[in-house]
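Notes for the one structure printed next.
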Amino acid sequence: MNALNERASADGLWTGLRLAPGAAPGVSLPNGALAAIAVESGVVRWIGDAGNVPVELARGPRHDCGGALVTPGLIDCHTHLVYGGQRANEFAMRLAGASYEEVAKAGGGIVSSVRATREADEETLFAQAALRLEQLLADGVCAIEIKSGYGLSLEHERKQLRVARRLGEHYGVTVRTTFLGAHALPPEYAGRSGDYIDAVCREMMPALAAEGLVDAVDVFCERIAFSLAETERVFQAARMLGLPVKLHAEQLSDMGGAALAARYGALSCDHVEHLSDAGIAAMREAGTVAVLLPGAYYTLRDTHLPPIEALRAAGVPMAVSTDHNPGTSPALSLVLMMNMACTLFRLTVPEALAGVTVHAARALGLSDTHGVLGVGRPADFVLWNAQDVSELAYWFGRRAVKRVVRQGRIAQECAA
Ligand code: NIG
Ligand code: FE
């Protein structure tokens, strides 16, 4: 896949577009009319009726899209994309009946990816993650969150986050980095989780933040990971540094993490299968996004559904993401996650699309620039081989992307 500097500029007038519902708030078109988008210096300059383009915008290069469906660039708002090795062996263990918690207790799980990540140098991690990122980009992803959390020491967390930043620069994709030092207890701290949280808060987080490597801070708050009190210590440290927080909350049990995260103004609470009514109320108050991760639910053969109806009724925005990671969600298609969110979680198609665009942007603190098409925003949009949006969620295993414009450049062209 071509790097940023090898891509053609998307400047000019894009015509013959069928705007997906909700894609461009505030833009109203006559019934059935096709839209046009004018791009200048990589930024959307104008959107409106293709039959009514201001003359001064009609002069430059033209890209006729022949009636193609257009959505904002997709946003994968929860991934653990950078890690060494893979864990197909655990897949086999789980097929033989072991649970995620049993695999973790047997020395597998997150800690085995920590070993492989520590052993890999930065170039190796970059090369391995790049292959995975290319898959996600080919599916229309224009912005992505990448967490650390497989290094669990200053040196190795730094290595992961540096790779995340470099991926963003190389591919011209918006990358938000999240420091997830409190993902698991590294073996050298066995029995001393308080000491490890000290290191996370006092040593790792400030150093990495000072290096500009941290856009947000996350914790895995769970019986097999960190307690509510430890989570709060990490949130306090993040607050001191002015960093927004998010949380792996209530995935396997109700720890009360969502309510805590909401108190700290969390951008998002993610997984949330066991989210309580009190958690939902706190998230609504705080404007915290619920990030649904159907890939992990599916891989773990979970049966405890997130409280979709209650989230919907409360008006908590729901995002959808791959949770790409080597243990519980080796997913490389965000479009497939739309299908799973509908099929497994009963989201509607518009909810699934909002989940990978506007609400995903909010989960990353990117609402001002990403998630919808609008004047003054970066030109990030996807043209699809699809009659309408429901086709995106309907097929699975089909690459429906026709063309991607990412960061104002033409990132990809596929056979129509
Ligand atoms: O989001 N829940 C914790 N973290 C990951 C799993 C990581 C792993 O198993 O390596 C998740 O599902
Ligand atoms: Fe995760």
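Order of appearance sets the numbers: ligands from 1, and atoms from 1 within every ligand.
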Measure the shortest side-chain to side-chain distance between T174 and C142 over non-hydrogen atoms and say whether it is less than 4.5 angstrom.
no

Kindly indicate whether the side chain of L34, heavy atoms from C-beta on, has any atom under 4.5 Å from the side chain of T15.
no

Just by distance, do the side chain of [X] and the backbone of [Y] share a donor-acceptor pair under 3.5 Å?
X: D323; Y: T79; value: no
X: E157; Y: L152; value: yes
X: T71; Y: A20; value: no

Do we get R132 above Y83's six-membered ring, with its NZ or CZ under 6.0 Å from the centre and within 45° of the axis?
yes

When you check the space around the Fe ion (ligand 2), which protein N, O or S atoms turn up under 2.8 Å?
H78 NE2, H80 NE2, H248 NE2, D323 OD1

Is the number of heavy atoms from other residues, nucleotides or ligands under 6.0 Å of R399 CZ greater than 12?
yes

Does OH in Y394 sit with more than 12 non-hydrogen atoms of other residues, nucleotides or ligands closer than 6.0 Å?
no

Is it true that R312 and E309 make a salt bridge, defined as a side-chain N closer than 4.0 Å to a carboxylate O?
yes

Check each protein residue for a heavy atom under 4.0 Å from ligand 1 and list those that pass, ordered by chain and number.
H78, H80, R87, Y100, I110, Y150, H183, F220, H248, Q251, H271, D323, N325, G327, T328

